[in-house]
Amino acid sequence: DAKTTQPPSMDCAEGRAANLPCNHSTISGNEYVYWYRQIHSQGPQYIIHGLKNNETNEMASLIITEDRKSSTLILPHATLRDTAVYYCIAISSNTGKLIFGQGTTLQVKP
Amino acid sequence: DTGVSQDPRHKITKRGQNVTFRCDPISEHNRLYWYRQTLGQGPEFLTYFQNEAQLEKSRLLSDRFSAERPKGSFSTLEIQRTEQGDSAMYLCASSLLSQQETQYFGPGTRLLVL
């Protein structure tokens, strides 16, 4: 599975969009990009995933560059409850074994 | 709410004692996973089951660790002769076979070995 690189921490003002980058320059053609987050003292929570096309759901949007070497998770209107560690994972389909890095600690500030 | 549940939520034990954790997955999920998370790190994969079959074990899972899923429903993770280095959060997750990377995690069991 491709290695991912994320900034260790980011701040965002409440109500503003939070844009969390992820670099996965060695991603292969059959690897998806998954995003999870972990709020303090809870288990990780699935957010969104994509292969090539941009994706949007009720939680977030995922923008994947055309060369697929990087992606951005967008929380359109961050709230204090979005304060968490966000993990970007590049993984082949039907592998099942998630490999978490250090993630990005997002602090949403009032 | 019919999410993944884990019991107990917290466990304090003395070094050398055995401990057992339980995970109840989402009922229709075939896959069940165990992860371990130490402070400041992301979760690390330990093992997973497809129904009652244990299909993969990480090298992190020493001989002191054993996991079961006897009827393909709930699972248990036992640690024998606990060591201080076993102190961690033990997370369970489940998924559908067709969506293995979309995993639903429980709240975890936090183990402290004194």
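In what follows, chains are A, B, ... by sequence order, proteins preceding strands, each numbered from 1. Keep in mind that what you see is a predicted model, and the values were worked out from it rather than measured.
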Asker: Against chain A, label B:E56 side chain, backbone, both or neither, depending on which of its atoms sit under 4.5 Å from a heavy atom there.
Answerer: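 When you check distances to chain A, only side chain atoms of B:E56 fall under 4.5 Å.
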Asker: Does a side-chain heavy-atom distance below 4.5 Å link B:F105 with A:L98?
Answerer: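 Side-chain contact under 4.5 Å: yes.
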Asker: Flag yes if A:L73 and A:V108 sit in one hydrophobic cluster, no otherwise; membership is Ile, Leu, Val, Met, Phe, Trp, Tyr, and two members link when side-chain heavy atoms are under 4.5 Å apart.
Answerer: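 Yes, same cluster.
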Asker: Less than 4.5 Å apart, side chain to side chain, heavy atoms only: is that true for A:K97 and B:Q100?
Answerer: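 Not touching, per the 4.5 Å side-chain cut-off.
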Asker: Linking I/L/V/M/F/W/Y whenever their side-chain heavy atoms sit closer than 4.5 Å, directly or via other members, would A:M10 and A:W35 fall into one cluster?
Answerer: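 In one cluster: yes.
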Asker: Between B:L55 and chain A, with a heavy-atom cut-off of 4.5 Å, which part of the residue counts as in contact: side chain, backbone, both or neither?
Answerer: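 For B:L55, neither part sits under 4.5 Å from chain A.
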Asker: Establish whether B:Y90 and B:L61 are linked, either directly or via other cluster members, by ILVMFWY side-chain heavy-atom contacts under 4.5 Å.
Answerer: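 Result: yes, single cluster for both.
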Asker: What part of B:Q37 gets within 4.5 angstrom of chain A, counting heavy atoms only: side chain, backbone, both, or neither?
Answerer: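 For B:Q37, the contact with chain A is made by the side chain alone.
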Asker: May I ask you to decide if B:Q103's main-chain N or O and A:Y36's side chain share a donor-acceptor pair within less than 3.5 Å?
Answerer: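 It does hold such a pair.
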Asker: Roughly how far, to the nearest 0.5 Å, is the CD atom of B:E101 from the OG atom of A:S92?
Answerer: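 If we round to the nearest 0.5 Å, A:S92:OG and B:E101:CD are 8.0 Å apart.
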Asker: Please report the closest heavy-atom contact between A:G43 and B:L91, naming both atoms and the distance.
Answerer: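 What the structure gives for the nearest pair is CA-CD2, 3.8 Å.
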Asker: Heavy-atom count check: over 12 atoms from other residues, nucleotides or ligands less than 6.0 Å from B:E68 CD?
Answerer: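 No, the 6.0 Å shell around CD holds no more than 12 heavy atoms from other groups.
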Asker: Would a single hydrophobic cluster contain both A:Y87 and A:I63, if residues Ile, Leu, Val, Met, Phe, Trp and Tyr are joined by side-chain heavy-atom contacts under 4.5 Å?
Answerer: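 No, A:I63 and A:Y87 fall in different hydrophobic clusters.
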Asker: Flag the pair B:T102 / A:Y34 as yes when at least one side-chain heavy-atom distance between them is below 4.5 Å, and no otherwise.
Answerer: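 Counting from C-beta outward, B:T102 and A:Y34 do come under 4.5 Å.
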Asker: Are B:Y35 and A:F100 close enough, and set up right, to give a side-chain contact (heavy atoms from CB on, under 4.5 Å), and what steps lead you there?
Answerer: CA-CA 10 Å; B:Y35 294 82; A:F100 292 84; 4.1 Å; yes
Asker: Side chain from CB out, backbone as N, CA, C, O: work out which of these in B:P43 comes under 4.5 Å of a heavy atom of chain A, or both, or neither.
Answerer: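 Both the backbone and the side chain of B:P43 come within 4.5 Å of chain A.
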Asker: Cluster question for you: counting only ILVMFWY and a side-chain heavy-atom cut-off of under 4.5 Å, with indirect links fine, are B:M89 and B:L114 together?
Answerer: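 Not linked; separate clusters.
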Asker: If you draw a 6.0 Å radius around CZ in B:R64, do more than 12 non-hydrogen atoms from other residues or ligands fall strictly inside?
Answerer: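 Count over threshold, so yes.
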Asker: Are more than 12 heavy atoms from other residues, nucleotides or ligands located less than 6.0 Å from atom CG of A:D67?
Answerer: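 Atom CG in A:D67 is crowded, with more than 12 foreign heavy atoms closer than 6.0 Å.
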Asker: Count the heavy-atom pairs under 4.5 Å between each of A:Q42, A:Q45, A:Q102 and chain B, then report the option with the highest count.
Answerer: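 Highest number of heavy-atom pairs under 4.5 Å: A:Q102.
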